[in-house]
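Below: the structure, in structure tokens.
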Amino acid sequence: MITMLGIWTGVHVRALREARRMSIKEFSAHLGVPERRVEKWEAGGAKVRPRPVNQAALDTSLQTLTIDERARFSRLAPDSVTERPDEPEIIELPVVLRHDIDGKVMTRVPEGIFLAGAQEQPVWVAEFWIDLYPTTNADYSRFIAATGHPPPQHWSATTPPADLLTHPVVWVSWDDATAYAHWAHKRLPTAGEWEKTARGTHGDIWPWGNQLTPAKCNCRGAIGTTTPVDRYKSGVSPYGVYDLCGNTWEWTSTPTTPGRYELKGSAFTSPYDRAAPSATNDADHTMLDDDTGFRCVSTAPMA
């Protein structure tokens, strides 16, 4: 398995694009950056290093290559510039693995302390694995087919709309989300696990850092509906996880009062100032809406 590259240069950017057999236009859309930026990286060759937030998007793209694409990348990318020249070698566990029941890519969040809430209180969280993307309509359709669980109200019978397969599933209650998690041998994240995934260990305001950048997420006024879960590549968290601001609210397993559970992340219907991962919301376990979905976690990466 390919893990994070460590140091990206323009040479590696070209290698990754060619490994995916994408044009510059296609590749820039894939990363969520302007075409001219990709052109600049590639023209600069080994002398150019993208900013950390863009390196995170490149790392995520690298991690999701197919076997054939990985082989092409290995042939195209020079080994000499993939090493950190000034740092000791660090051997790590694989960053991502694919779950063997629902097939979703999950990433590891190590145990340790993070700064939680608006007051940034130190909170320790045990190691866990979390879905890289929210549960999509395509994911949920496999659950429906396997269990006969009632489908969301915006589907045609048991079939999701063809143009929404890669969008987060919505019109799902906490009970629906929990049923999916049980089927997948996973669970819903606690509010703390979700927030640590979004903010990292340093208490950043946003998944991408502390800079106010509405273009990195799907909040009110941006699109007006859900978007594909891999659209905002420059808005990933320190762990490479997508859509932790905007698109859809996400159910957690943390109760607020009997029968009510915390929601995190905000949605395409939310003002940007409510999108900070430290913000809280809650709802009754039977609530369902067009802006509410979920993702899952697991103590171990494979069921």
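Since we're looking at a predicted model, the values are computed, not measured.
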Shortest non-hydrogen contact between V11 and A46, atoms and distance
CG2-N, 3.4 Å
Spell out, yes or no, whether V125 and L115 are grouped together once hydrophobic residues are joined by side-chain heavy atoms under 4.5 Å, including indirect joins.
no
Given side-chain contact (heavy atoms from CB on, under 4.5 Å), test F73 with H12 step by step and report yes or no.
CA-CA 9 Å; F73 180 80; H12 289 91; 4.2 Å; yes
Salt bridge (charged side-chain N to carboxylate O under 4.0 Å, His left out) for E127 and R108? Distances and angles first, verdict last.
CA-CA 7 Å; E127 178 178 302; R108 172 178 170 264; 3.2 Å; yes
Do you know which two heavy atoms are closest between V172 and G293, and how far apart they sit?
CG2-CA, 4.0 Å
Which word best sums up how the rings of W206 and W208 line up, parallel for under 30°, tilted for 30 to 60°, or perpendicular for over 60°?
parallel
Classify the ring geometry of W174 against H285: parallel below 30°, tilted from 30° to 60°, perpendicular beyond 60°.
perpendicular
Non-hydrogen atoms of K264 and T252 that approach each other most closely:
CG-CG2, 3.6 Å
Checking side-chain contact (heavy atoms from CB on, under 4.5 Å) against V170, which of T248, D291, T292, T225 comes through?
T248
Taking the side chain as C-beta and beyond, is there a heavy-atom pair between L244 and R295 under 4.5 Å?
yes
Working note: E195 + S278, criterion side-chain contact (heavy atoms from CB on, under 4.5 Å); need CA distance, chi angles, decisive distance, verdict.
CA-CA 7 Å; E195 187 176 341; S278 60; 3.9 Å; yes
Examine distances only and state if a side-chain atom of K216 and a backbone atom of V236 form a donor-acceptor pair shorter than 3.5 Å.
no
Between Y140 and W171, ring centroids under 6.0 Å
no
Rounded to the nearest 0.5 Å, how far apart are CE of M106 and CH2 of W129?
8.5 Å
Has the side chain of R220 got a donor or acceptor atom that lies under 3.5 Å from a matching backbone atom of T269?
yes
Determine whether I24 and L62 fall in the same hydrophobic cluster, where Ile, Leu, Val, Met, Phe, Trp and Tyr are linked whenever their side-chain heavy atoms lie under 4.5 Å apart.
yes
Which distance, rounded to the nearest 0.5 Å, do you find between the OG1 of T9 and the CZ of R14?
11.0 Å
A quick test of your reading: do over 12 heavy atoms of other residues, nucleotides or ligands sit less than 6.0 Å from CZ of R260?
yes
Do the non-hydrogen side-chain atoms of D102 and Y180 ever get within less than 4.5 Å of each other?
yes
So, are E120 and R199 salt-bridged, with charged N and O less than 4.0 Å apart?
yes
Distance (rounded to the nearest 0.5 Å) between I113 CD1 and T201 OG1:
10.0 Å
I144 reachable from L165 in the ILVMFWY side-chain graph, under 4.5 Å edges
no
Hey, could you give me the CG/OG1 distance between N137 and T226, rounded to the nearest 0.5 Å?
7.5 Å
Please examine the side chains of E111 and W124, heavy atoms only from C-beta on, and report whether any two atoms are closer than 4.5 Å.
yes
Going only through I, L, V, M, F, W and Y residues with side-chain contacts under 4.5 Å, is there a path from W155 to L288?
no
Counting only N and O atoms by type, is there a donor-acceptor contact under 3.5 Å from the side chain of S270 to the main-chain atoms of A275?
no
Short question: side chain of N210, backbone of I205 - any donor-acceptor pair under 3.5 Å?
yes
So which heavy atom on A19 is nearest to which on E69, and how close?
O-CG, 3.4 Å
Do P277 and C245 come close enough that some side-chain heavy atom pair is under 4.5 Å?
yes
Heavy-atom neighbours of H154 NE2 exceed 12 at 6.0 Å:
yes
How about R36 and E39: do any of their side-chain heavy atoms sit closer than 4.5 Å?
yes
Looking at S23 and E26, would you say the former's side chain and the latter's main chain have a donor-acceptor pair under 3.5 Å?
yes
Would T178 and D175 count as having a side-chain donor-acceptor pair, cut-off 3.5 Å?
no
Using a distance-only test with no angle check, is there a side-chain donor-acceptor pair under 3.5 angstrom linking D68 and T66?
no
Taking C-beta and beyond as the side chain, do E193 and R187 meet within less than 4.5 Å on heavy atoms?
yes
Find the distance between OG1 (T107) and OH (Y239) and round it off to the nearest 0.5 Å.
9.5 Å
Within the 4.5 Å heavy-atom criterion, are D139 and V169 side-chain neighbours or not?
no
Same cluster for F268 and L164 if Ile/Leu/Val/Met/Phe/Trp/Tyr side chains link at under 4.5 Å?
no
Approximate separation, where rounding is to 0.5 Å, of N247 CG and S266 OG
9.0 Å
Under 3.5 Å: donor-acceptor pair, side chain of T254, backbone of A191
yes
Heavy-atom side-chain contact between L188 and Y261 under 4.5 Å
no
